[in-house]
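Working notes, beginning with the structure itself.
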Amino acid sequence: MKKIIPIVALVKKEMNGKQVMVEYASPNTNKPLHLGHLRNIFLGWSVAEILKANGYHVIKTCIVNDRGIHICKSMLAWEMYADGATPESTGIKGDHFVGDYYVKFNEAYKREVADLVAAGVPQAEAEKETWTIKRTQQMLLDWEAGRPEVIELWKKMNGWVYEGFDTTYKNIGVGFDKIYYESDTYLLGKDIVKQGMDKKVFYQKDDSSIWIDLTADGLDEKIVQRSDGTSVYITQDIGLALQKYEQYKIEQSIYVIGNEQNYHMKVLKLICQKLGMPNADNIYHLSYGMVELTSGKMKSREGTVVDADDIVDEMISTSQQHTEELGKVKDFTDAELKDLYKTIGLGAMKFYLLRVDPKKTMVFNPAESIDFHGFTGPFVQYTYARIQSILRKEENAIRGEQTSEPLLDAEKEVMVVAEQYPSIIEQAAFEHNPSVIANYVFNVAKTFNSFYAAHSIANAESVEKKQLRLKISLLTANIIKSGMNLLGISVPERM
RNA sequence: GGUCCGGUAGCUCAGCUGGAUAGAGCAUCAGCCUUCUAAGCUGAGGGUCAUUGGUUCGAAUCCAAUCCGGAUCACCA
């Protein structure tokens with residue numbers, strides 16, 4: 001039993017003085033967040049918490065893609081169809097409001113292409129020649145030129161989106177320490193192109209576009225500056241990577257980005273290394289797989305995208321339904337109930353998305369996701385609430401006494417699993433993998449539940465046994481609470 | 001086509017730095033609430049670990065090839 005206290009103490013390690021930045025979420029501002037973003041966000045948040053538990057100082061960050069052709073599409077559609085409508089005037093959440101106009105744009109665009117094709121214009125040509133797309137491109141040029149009315153509209157619509165995003169972030173209990181905006185960073189990297197030329201890492205072609213040759217590394221040639229002198233996506237990323245370092249002296253830079261950008265991230269890291277950027281070796285792409293539905297992939301064109309706000313609401317109302325059916329918390333106030341539904345609903349959602357190895361494509365099964373039995377967040381939360389129920393009654397009973405009686409199998413099992421916790425935290429950090437924690441914490445709960453069913457705690461065979469079991473229970477509760485916290489999941493005292 | 005990732009029970013997933021009868025949840029079936037919360041516990045059935053070959057005393061795990069699925073290879077982001 002001597003080991004119990006040290007284990008709990010190990011939950012929080014000494015700070016190691018190292019700065020790490022974790023970038024996640026990074027949405028476009030033309031439409032609301034969806035299920036894929038949730039996987040990204042929960043992963044980023046959890047990995048950040050896991051690194052903190054390993055002694056790192058972590059800066060949570062996000063790069064908002066607030067400029068470009070996508071937002072111009074929403075802007076154009078708003079000008080065409082909104083007649084001055086706003087989120088306030090319609091009662092629609094800002095990000096959804098702007099997203100609706102993005103959809104309207106695409107509808108109008110499709111109609112126009114169809115009309116052109118019907119008039120005999122070839123498909124490929126029609127797609128480039130529509131008034132809507134040309135108008136959008138002009139709008140982007142106007143934005144870059146800083147035309148006041150375009151900038152004003154852009155600010156207004158992005159503002160709506162940010163309000164919507166903030167509501168969602170707050171609702172799901174996440175946030176950032178530092179937010180970057182692409183409109184501030186998209187010109188970064190120009191100087192770096194120059195340096196790269198000087199260092200002969202980059203070279204210029206006849207048309208004056210600038211490239212890097214990565215064929216020796218098994219990749220291709222990659223453009224870093226267009227022939228018209230403007231920078232491309234990767235160039236901005238190099239610039240931001242350097243800025244992150246300069247601003248925070250980070251030792252590690254972690255990017256939570258989907259696996260469709262594996263190649264891009266490989267190129268980014270390689271270029272940073274070749275440019276001799278500090279800590280370029282510690283750029284880490286936390287690549288995660290797509291979230292698919294049982295019916296197949298989510299496709300925005302086919303309207304099969306699962307909206308983040310919708311699914312979160314659904315999880316919360318499902319938890320309410322289950323809770324009411326069980327009728328265990330009838331004495332709760334309305335505020336307490338609301339809080340509980342959210343704790344359980346979000347717990348189920350987060351656990352469901354985090355229990356799978358990040359790099360794997362995962363299937364989101366709606367029926368399974370709202371099942372609160374078995375390998376789920378609510379199962380683990382329930383185990384915690386059960387322990388708290390006992391500890392509340394026996395609050396003053398725990399003393400420092402040691403027992404000389406041998407451990408029973410079920411008692412030993414719990415102890416054995418509990419002792420693994422510190423190494424599990426290290427493993428999760430090493431692998432940048434929250435599913436390690438999810439699997440472990442489930443195992444802790446399962447093992448405890450078997451013990452709980454086999455032996456009485458309050459009415460143990462002896463005073464010594466009761467002491468031992470109370471301590472085992474407390475230890476288990478502490479580990480569950482701590483582990484779930486590393487997943488961004490809170491635990492209820494009662495449920 | 002090149003590169004990368006995946007293929008383990010009906011379904012969703014662990015295990016993969018080699019080691020004993022391959023695990024869990026869901027689903028199915030059979031039990032357990034006069035004792036600490038049954039969102040729980042106990043048990044049963046269910047697997048040629050994609051295929052083939054190799055390395056090894058020993059392979060789901062390492063290597064090679066093949067098959068299947070996905071991603072990616074823009075002067076897009």
Side-chain angles (χ1 to χ4, degrees), chain A residues 26 28 30 63 65 67-71 182 186 205 207-211 214-215 217-237 258-267 287-290 292 294 297 319 322-323 325-329 344 347-348 352 355-357 359-365 367-369 371-394 410 427 430-431 435-436 438-440 442-443 445-446 448-460 466 469-470 473 492 494-495:
Chain A
S26 305
N28 288 352
N30 60 329
I63 169 82
N65 298 309
R67 54 145 241 128
I69 201 80
H70 50 84
I71 182 66
E182 197 189 301
Y186 83 109
K205 289 194 176 177
D207 64 1
S208 77
S209 59
I210 298 176
W211 298 70
L214 300 173
T215 48
D217 298 279
L219 305 178
D220 305 306
E221 293 187 351
K222 186 83 188 174
I223 190 162
V224 295
Q225 190 174 97
R226 296 189 187 98
S227 49
D228 65 5
T230 58
S231 57
V232 294
Y233 185 54
I234 191 97
T235 321
Q236 304 169 29
D237 279 354
N259 62 11
E260 76 271 15
Q261 295 203 44
N262 283 357
Y263 181 79
H264 177 259
M265 290 305 295
K266 203 183 253 182
V267 171
S287 167
Y288 66 93
M290 299 293 102
E292 296 182 354
T294 40
K297 297 187 178 187
S319 81
H322 281 251
T323 305
E325 278 168 14
L326 291 166
K328 293 180 180 182
V329 288
I344 298 172
Y352 188 86
R355 68 184 199 182
V356 181
D357 185 335
K359 71 171 174 291
K360 289 194 174 179
T361 301
M362 66 171 289
V363 175
F364 182 83
N365 181 329
E368 192 181 76
S369 72
D371 181 1
F372 293 172
H373 301 271
F375 187 21
T376 67
F379 171 93
V380 179
Q381 291 173 322
Y382 174 71
T383 307
Y384 178 83
R386 240 181 178 184
I387 295 173
Q388 292 312 303
S389 175
I390 296 169
L391 295 179
R392 269 193 300 277
K393 292 170 194 159
E394 306 290 343
Q427 190 196 341
F430 179 73
E431 294 179 12
S435 79
V436 169
N439 278 283
Y440 171 75
F442 169 66
N443 193 234
K446 196 156 54 85
F448 180 86
N449 282 333
S450 294
F451 154 75
Y452 174 95
H455 305 289
S456 177
I457 295 161
N459 300 310
K466 182 170 175 177
R469 291 179 190 164
L470 282 171
S473 302
R494 291 178 56 195
M495 68 184 273

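Chain naming here is simple, since letters A, B, ... match the order of the sequence lines and numbering starts at 1 in each.
Pairing for B/rA64 is with B/rU52, a Watson-Crick or G-U wobble pair whose two hydrogen-bonding atom distances lie under 3.5 Å. Of all nucleotides present, none satisfies the Watson-Crick or G-U wobble test against B/rA22 with each distance under 3.5 Å. Applying the Watson-Crick and G-U wobble criteria (two distances, each under 3.5 Å), B/rG1 pairs with B/rC73.
Comparing B/rG40 with B/rG25, their C1' atoms are spaced 14 Å from each other, to the whole Å. Rounded to the nearest Å, the gap between the C1' atom of B/rU55 and that of B/rA64 is 11 Å.
Here A/F379 lies in heavy-atom contact (under 4.0 Å) with sugar-phosphate atoms only. Residue contacts shown for A/Q225 are absent, as no nucleic acid heavy atom lies under 4.0 Å away. Among the protein residues, A/S227 comes within range of the nucleic acid bases, having at least one heavy atom under 4.0 Å from a base atom. Within the 4.0 angstrom heavy-atom criterion, base atoms lie near A/A458. Backbone-only engagement by A/F375 is indicated by non-hydrogen atom pairs under 4.0 Å involving sugar-phosphate atoms exclusively. At the heavy-atom level, A/S473 lies nowhere under 4.0 Å from the strands shown. Base contact: A/M495 has a heavy atom under 4.0 Å from a base atom. At the heavy-atom level, A/R355 lies under 4.0 Å from the strands shown only through sugar-phosphate atoms.
One can place OH of A/Y288 at 13 Å from C1' of B/rA71, the figure rounded to the nearest angstrom. In this structure, the CG atom of A/N365 is 9 Å from the P atom of B/rC13, given to the nearest Å. We find that CD of A/E368 is positioned 8 Å from P of B/rC13, with the value rounded to whole Å. Atom NE2 of A/H373 and atom P of B/rC13 are 20 Å apart (whole Å). Put simply, OH on A/Y452 is 14 Å from P on B/rU42, counting in whole angstrom units.
Minimum heavy-atom separation, A/F379 to A/G374: CB-O, 3.0 Å.
We find the NZ-CE distance between A/K297 and A/M290 to be 9.0 Å, quoted to the nearest 0.5 Å.
Comment: A/E394 does not engage A/R469 in a salt bridge, judged by the lack of any side-chain N to carboxylate O separation of less than 4.0 angstrom. A/K359 and A/D357 are joined by a salt bridge, as a carboxylate oxygen and a charged side-chain nitrogen come within less than 4.0 angstrom of each other.
Taking side-chain N and O atoms only, A/S450 has a distance below 4.0 Å to OP1 or OP2 of B/rU42.
In this structure, A/R386 is positioned above the aromatic face of A/Y452, its NZ or CZ under 6.0 Å from the six-membered ring centre and within 45° of the axis.
Base orientation of B/rC33: syn (glycosidic angle within 90° of 0).
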